[in-house]
Amino acid sequence: MKSGSAQFRQKIERGFQVTIPSVITCFLALLTVIPYGVPELNRAMPLLPLIAIFFWSIHCPTLYPVIFSFFLGLLQDSLGGTPIGFSSAIYVAMHALVGYQHTFFHDKTFFVLWCAFSVLSGLIVLLSYIVLVIFHLAFLPVIPILMQLLVTIAIYPLVTRFLQGVMRHVVRRA
């Protein structure tokens, strides 16, 4: 039988492990809205939270609830100046699409996951563009949006490598 302090330590460790995916994703979201002082950087800033949501939804779905994606989107919208609920819809859509196909994504190779992420993020960005065109009642420039998508797809391996390291060292016993 475990002692009281060992059980307490185990509960603290479990709580820490459960919050890590959400904290990392929140950190990545904040990285995308920080003003860096470089003109037009935000137009090509990768969609880092989208990568993290895709990753956690596949590898640790029980540790990354969909409700966090919703609230993260609200936070990012309020900090970034986009319409409130816009990022939430994007993040919840990614979470739902991955969750719907979780059995397909489970145990796939990195290349298959990268291709799947590319297709899903392209679809989500296209739908987002359509929503923004309707919201603004005007066509928006397509080149910055395509650049952001391409940068996001290109940086996917680096972010995934980081998230795999986090998962391996921190979340492995969850």
### Task
Measure across Thr152 and Pro46 and return the closest heavy-atom pair with its distance rounded to 0.1 Å.
OG1-CA, 3.3 Å

### Heavy-atom pair of closest approach, residues Ser22 and Pro65
OG-CD, 4.5 Å

### Message
side chain to side chain contact (heavy atoms under 4.5 Å, CB included) for Leu47 and Thr32? Distances and angles first, verdict last.
### Response
CA-CA 7 Å; Leu47 301 167; Thr32 63; over 6 Å; no

### Query
Can you check whether His95 and Tyr64 have ring centres sitting under 6.0 Å from each other?
yes

### Value rounded to 0.5 Å, distance of CG in Leu149 from CD1 in Ile145
10.0 Å

#### Entry: Leu28 side chain reached by Thr25 side chain, heavy atoms, under 4.5 Å
no

### ILVMFWY cluster, Val151 and Val119 together (side-chain gap under 4.5 Å)
no

### Message
Just verifying a value: how many Å separate Leu127 CG and Leu132 CG, rounded to the nearest 0.5 Å?
### Response
11.0 Å

### Query
Would you say the side chain of Thr160 lies within less than 4.5 Å of the side chain of Phe54, judging by non-hydrogen atoms?
no

### Message
Apply side chain to side chain contact (heavy atoms under 4.5 Å, CB included) to residues Phe70 and Leu75 and explain how you reach the verdict.
### Response
CA-CA 9 Å; Phe70 177 77; Leu75 173 68; over 6 Å; no

### Task
Following the transitive rule for hydrophobic clusters with a side-chain heavy-atom cut-off under 4.5 Å over Ile, Leu, Val, Met, Phe, Trp and Tyr, establish whether Val131 and Leu123 coincide in one cluster.
no

#### Entry: Heavy-atom side-chain contact between Val159 and Phe55 under 4.5 Å
no

### Task
Start with the C-alpha distance between Leu50 and Tyr91, add both sets of side-chain angles, then the distance that settles side chain to side chain contact (heavy atoms under 4.5 Å, CB included), and finish with yes or no.
CA-CA 7 Å; Leu50 207 58; Tyr91 298 160; 4.0 Å; yes

### Query
What are the two closest heavy atoms between Asp77 and Pro83, and how far apart are they?
OD2-O, 3.2 Å

### Task
May I ask you to check whether Ser121 and Tyr156 show a side-chain donor-acceptor distance below 3.5 Å?
no

### Message
Are Ile34 and Leu48 linked, directly or through intermediate hydrophobic residues, by side-chain heavy-atom contacts shorter than 4.5 Å (ILVMFWY only)?
### Response
yes

### Task
Could you pull out the closest heavy-atom pair between Met45 and Gln148, with the gap in Å?
O-NE2, 2.9 Å

Check: residues 97-111 side-chain donor-acceptor pairs under 3.5 Å, at least two apart:
{"unit_1": "His102", "atom_1": "NE2", "unit_2": "Ile58", "atom_2": "O", "d": "3.0"}
{"unit_1": "Thr109", "atom_1": "OG1", "unit_2": "Val112", "atom_2": "N", "d": "3.3"}

### Message
Quick check: is Phe71 connected to Ile84 through a chain of hydrophobic side chains (ILVMFWY, heavy atoms under 4.5 Å apart)?
### Response
yes

### Summary
Rounding to 0.5 Å, atoms CG (Leu163) and SG (Cys60) come to a distance of 9.5 Å

### Message
Could you go through Phe139 and Tyr129, starting from their C-alpha distance and side-chain angles, then the distance that decides it, and tell me whether this counts as side chain to side chain contact (heavy atoms under 4.5 Å, CB included)?
### Response
CA-CA 9 Å; Phe139 285 102; Tyr129 178 77; 3.9 Å; yes

### Task
Looking only at non-hydrogen atoms, find the nearest pair between Leu63 and Pro21 and report the distance.
CB-CG, 3.9 Å

### Message
Nearest 0.5 angstrom please: Phe117 CZ to Ile51 CD1, how far?
### Response
4.5 Å

#### Entry: Side chain to side chain, Trp114 and Ile153, heavy atoms closer than 4.5 Å
yes

#### Entry: Interatomic spacing from CG in Leu30 to CD in Gln76 - rounded to 0.5 Å
8.0 Å

### Message
So Leu158 and Phe162, do their side chains get closer than 4.5 Å, heavy atoms only?
### Response
no

### Task
To the nearest 0.5 Å, tell me how far Leu120 CG sits from Cys115 SG.
11.0 Å

### Query
Are Phe27 and Leu72 co-members of a hydrophobic cluster defined by side-chain heavy atoms under 4.5 Å apart?
yes

